[in-house]
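Okay, structure first, notes after.
Chain A is the first sequence line, chain B the second, and so forth, proteins listed ahead of strands; every chain is numbered from 1.
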Amino acid sequence: VFISNTESVPGARVTRALGLVQGNTVRAKHVGKDILAGFKNLAGGELRAYTELLTESRNEAIGRMVAQAQQLGANGVVNVRFTTSSIAGGAAELYAYGTAVVLEQA
Amino acid sequence: MSGDAVAGLVFGLLCVGLVLLLVLAIPLYSILVGFHRRSKIKEQLAHTEPQLQQLVQTNTEAAGHAGSTALALGTVAYAADGPSRLATQWRSFFGGQAVSLTEQADLARRLAIVRMLEQARGLGAIGVANVRVETSEIFSGQGRNSAMVIELLAYGTALLPAAEPPQPPAQAQQVPQFLPDEPTRVRPPAH
């Protein structure tokens, strides 16, 4: 499945739009990683453990969105957007959504 | 003055000194290590940003592009340092710009963009179109485990040059594997 965050795909033409598809995942903090992050939090800086966690989770959300698109018989998802938000105390939701489409070579 | 009194005085001063040192150690550590980390990020950005300037960056669509495209993502989980956050709490009494946090948000965002561009360059892209940048608070820093973490996410469409005849982005039957550092891109269909 082809993924793009643009509305149109260069070299291809959208023949059918199959509707909105979405994927999400909620991740809680890892206690072990969090203790280290707590120390780091004093001096600030990048928290690599969390960067990895977010990357993994986002890929999972993308995977779910793609699975939904495949179920609809799409071969592409266009205009993909990502959002991240803190929903409960120590949990973050990663959300990916887009429009499932059938693409044909122009 | 007897020897005992002198020993007591020295002991007392030592105790006070130790307590003072402990009280000062945490802010001092935060300020010094935080400053060091930020200057390392700045160094890294000063090194990598000029190299990535060759990539054309826009936040509009690239309808006229001849080659294929792929999604490029860059993400950074970032925590601002304690002293700056504390200073900002005071600052918010009067309003105005929080200088240190402004700088840190900018650094983290540029780092996220650099990662996106690096991923695009790894794919052999000539540019990145439709760039979107997002800031979100993922852990608020309230409550018992008060880690405050923000996320800076940059994503866009990597424009790949049309070396081979452009392939239709179709026929990917199997579910692609989303590995952490592997961008999602079209597999050319087998002939």
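- The main-chain N or O of A/G44 is found under 3.5 Å from a side-chain atom of B/R37 such that the two form a donor-acceptor pair.
- For the options B/G82, B/G34, B/A77, heavy-atom pairs under 4.5 Å to chain A are most numerous at B/A77.
- The residue among B/L153, B/T60, B/V33, B/V76 with the most heavy atom pairs within less than 4.5 Å of chain A is B/L153.
- For a residue to count as touching a neighbouring chain, one of its non-hydrogen atoms must lie under 4.5 Å from one of that chain's; by this rule B/A62 touches chain A with the backbone only.
- Looking only at distances, no side-chain donor or acceptor of A/Y50 sits under 3.5 Å from a matching main-chain atom of B/V149.
- If you measure heavy-atom distances from B/L73 to chain A, the contacts under 4.5 Å come from the side chain alone.
- The part of B/L111 that comes within reach of chain A is its side chain, from C-beta onward, which places non-hydrogen atoms under 4.5 angstrom from that chain.
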Passes salt bridge (charged side-chain N to carboxylate O under 4.0 Å, His left out), B/R115 versus A/E46? Steps please.
CA-CA 13 Å; B/R115 286 195 184 153; A/E46 191 197 347; 3.0 Å; yes

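- Proximity of a side-chain donor or acceptor of A/E7 to a complementary backbone N or O of B/E61 within less than 3.5 Å is not detected.
- Contact of B/I26 with chain A is made through the side chain alone, with heavy-atom distances under 4.5 Å.
- At distances below 3.5 Å, not a single donor-acceptor pair connects side-chain atoms of B/T75 with backbone N or O atoms of A/T51.
- A salt bridge between A/R58 and B/E134 is absent, with no side-chain N of the basic residue lying under 4.0 Å from a carboxylate O of the acidic one.
- Chosen from B/D81, B/I31, B/L107, the residue pairing most often with chain A at heavy-atom distances under 4.5 Å is B/D81.
- With a 4.5 Å cut-off on non-hydrogen atoms, A/S8 touches chain B through its backbone and its side chain both.
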